[in-house]
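Right, one structure below, let's go through it.
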There are 2 protein chains.
Amino acid sequence: MGMDEGDETDAGVSTTRKTFDILEALKVEEGVTITDLTRRTGLSKSTVYRHLTTLTDMGYVVERDGDYYIGFRLVEISEQARTRKTGYTAAKRKVFELGQETDERAIFIVEEEGEAVYVHRYGSLSDTMIGKRRPLHSLASGKVILAEWDDDRVADFIDEKGLEAMTSNTITDPDALYAELDRIRERGYAVNNQEHMDGLCGVSVPVYTPDDELLGALGAFGPVSRFKDEYVHEELPNRLWDKAGEIRVTLAYG
Amino acid sequence: MGMDEGDETDAGVSTTRKTFDILEALKVEEGVTITDLTRRTGLSKSTVYRHLTTLTDMGYVVERDGDYYIGFRLVEISEQARTRKTGYTAAKRKVFELGQETDERAIFIVEEEGEAVYVHRYGSLSDTMIGKRRPLHSLASGKVILAEWDDDRVADFIDEKGLEAMTSNTITDPDALYAELDRIRERGYAVNNQEHMDGLCGVSVPVYTPDDELLGALGAFGPVSRFKDEYVHEELPNRLWDKAGEIRVTLAYG
DNA sequence: GATCGCGTTTCGGTATGCGGAACGCCGAGT
DNA sequence: ACTCGGCGTTCCGCATACCGAAACGCGATC
């Protein structure tokens, strides 16, 4: 392209990038037409057309009445990530039970590339959050994961990602974070007091495999009004520990 | 490529095809190396390398210790398909309840491109089946969907897909299928007696939206030994109708 | 019946994806 | 110690297959 500086990432296959630009655009809004997609992606109409033809031909995108949708064949591929470890599937069931029993939102979260990823969720019908990514330091579940790392690794994380403030309660000071992680290690559970979103509190515990590897974090969250002292520091941690233990047992014995 | 006949599909972007060949290969087996992928895909090593670089750079694939995995960023895109309709998410919860209450495998299935696709499933921990595709005529849930179509559309389906025998019980005769669909329309539920896999029986009912559109099929299945007359024709249909009705109500009122 | 907007197709130039081959590294084998 | 094999990575020249502009055809709308 004749640029002087090229520290922007342009390695690899640019055609593939275009394909995924289109898929990401389809993700944002459903039932999109070709001309919509040209607007959204900035690609030429014929390019969008050719890519969509390829994608529908392979079944990754589905066309209905001129509108395009993400197809279920993509689900099949991506499900590989969610079933990578048997523990993930075991966690799915426990998230559901937890949600039913507590009547709170329940989540199972793992770390990928320094971010918290929702793997399973029980909660609102409209938005499943699954696959969405959040900063580790702003969630109870994220802090649980950080608490498993040694200080060097946490320092690297802070260097790379920073401690962005999501609310006025977000921990943005590294020393405060280290202290918080120590507290979590000591207690065995993490609390999020409106650090990610105003009005939302959460509690989370680590989930271990039978050979003591960290599998992810199991958490429950809800409105601050419900999250009183005894609930946050007694009832929820105990419930969560129970479920985490059950996952571990499931993995150990059938 | 210098072929005489070209009725094979080669429309569109062949680079994108290569990308998805790699993703599909990653789906099959986890933690695969680059050389593994060259073997599996038949592409040259440098091509695989370039594509993987692009995919990891975008976050759709994750590399750990030289092994490559499907990343959660793909989950985020594909989740769009599973949440396309609010009813799908409502069904998720009901599938879970159903599984818990009956202690059978429970599924919610929709049709895409003339195939039955597992959208939600409660059951074994190791294999979630989600996103997998099955012939419509071989499942109770698939037959429920076929029963919603008029005879012309079913005829088109038979023309295009055929009625492959999965077991000795699979309905392979068009007239038998039409008769079976009539029976399903009459009863309001479908039964699968080892038509998909020997030893497995299933029962399924249609799920409708408040404006009487078909959303999908809700089903339960398990070993033939448990699927006695009263269970198959009374208890399970009643339970399934209840759950399907609850989905409908959920969609109508918050 | 004219005009707009859409999906589709054509077409020529060239960027760009391709695979063969070479490199450097590591670990295993003798 | 030296070799050898297998791996990931890089280089490079060629041809191809991807690209965007533009034109086409169709249907709806006024």
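Lettering of chains follows the sequences in order, A, B, ..., and the numbering in each one begins at 1. Please read these numbers as outputs of a predicted model, since none were measured by experiment. Side chains included, hydrogens not; waters and symmetry mates left out as well; all remaining heavy atoms used.
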TODO: Name all residues meeting the side chain to side chain contact (heavy atoms under 4.5 Å, CB included) criterion together with Lys27(B); count only those two or more places apart in sequence or in a different chain, and write none if there are none.
DONE: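 Counting only residues at least two positions away or on another chain, Lys27(B) forms a side chain to side chain contact (heavy atoms under 4.5 Å, CB included) with Glu76(A), Ile77(A), Gln80(A), Glu24(B).
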Open item on the list: Please enumerate all residues that pass side chain to side chain contact (heavy atoms under 4.5 Å, CB included) together with Ala244(B), with sequence neighbours excluded.
Closed with: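 If we apply the side chain to side chain contact (heavy atoms under 4.5 Å, CB included) test to Ala244(B), skipping adjacent residues, the hits are Val205(B), Val207(B).
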Between [N] atom [atom2] and [X] atom [atom1], what is the distance in whole Å?
| X | N | atom1 | atom2 | result |
| --- | --- | --- | --- | --- |
| Lys18(B) | dT16(D) | NZ | P | 12 Å |
| Asp21(B) | dG17(C) | CG | P | 16 Å |
| His51(B) | dT16(C) | NE2 | P | 14 Å |
| Ile22(B) | dC18(C) | CD1 | P | 9 Å |

Scan the side chains in residues 140-151 of chain B for donor-acceptor partners under 3.5 Å anywhere in the protein, sequence neighbours excluded, and list what turns up.
| from | atom 1 | to | atom 2 | distance (Å) |
| --- | --- | --- | --- | --- |
| Ser141(B) | OG | Ser204(B) | OG | 3.0 |
| Lys143(B) | NZ | Glu180(B) | OE2 | 2.8 |
| Lys143(B) | NZ | Val191(B) | O | 2.8 |
| Lys143(B) | NZ | Glu195(B) | OE1 | 2.7 |
| Lys143(B) | NZ | Glu195(B) | OE2 | 3.3 |
| Glu148(B) | OE2 | Tyr208(B) | OH | 2.5 |
| Asp150(B) | OD1 | Asp152(B) | N | 3.4 |
| Asp150(B) | OD1 | Arg153(B) | N | 3.0 |

Open item on the list: Does dC18(D) have its OP1 or OP2 closer than 4.0 Å to a side-chain nitrogen or oxygen of Arg50(A)?
Closed with: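 Checking dC18(D) against Arg50(A), no side-chain N or O comes under 4.0 Å of OP1 or OP2.
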- [ ] Report yes if a side-chain nitrogen or oxygen of Ser14(B) is closer than 4.0 Å to either non-bridging phosphate oxygen (OP1 or OP2) of dC18(D); otherwise report no.
- [x]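 Yes, such a contact exists.
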Open item on the list: Can you list everything that forms a side chain to side chain donor-acceptor pair (under 3.5 Å) with Arg121(B)? Sequence neighbours excluded, please.
Closed with: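 Arg121(B) satisfies side chain to side chain donor-acceptor pair (under 3.5 Å) with no residue once adjacent residues are dropped.
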Task: Pairing of Lys18(B) and Asp21(B) as salt bridge, 4.0 angstrom limit - done: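 Result for this pair is no, no salt bridge flagged.
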- [ ] Identify, with sequence neighbours excluded, every residue that meets ring-ring contact (aromatic ring centres under 6.0 Å, His included) alongside Tyr60(B).
- [x]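 By the ring-ring contact (aromatic ring centres under 6.0 Å, His included) rule, Tyr60(B) matches Phe20(A).
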Polar atoms only, N or O, under 3.5 Å: list the protein pairs with nucleotides 6-9 of chain D and their distances.
| from | atom 1 | to | atom 2 | distance (Å) |
| --- | --- | --- | --- | --- |
| dC7(D) | O5' | Thr35(B) | OG1 | 3.3 |
| dC7(D) | O3' | Thr35(B) | OG1 | 3.4 |
| dG8(D) | OP1 | Ile34(B) | N | 3.1 |
| dG8(D) | OP2 | Thr35(B) | N | 3.0 |
| dG8(D) | OP2 | Thr35(B) | OG1 | 2.2 |
| dG8(D) | N7 | Lys45(B) | NZ | 3.1 |
| dG8(D) | O6 | Lys45(B) | NZ | 3.4 |
| dT9(D) | O5' | Tyr49(B) | OH | 3.3 |

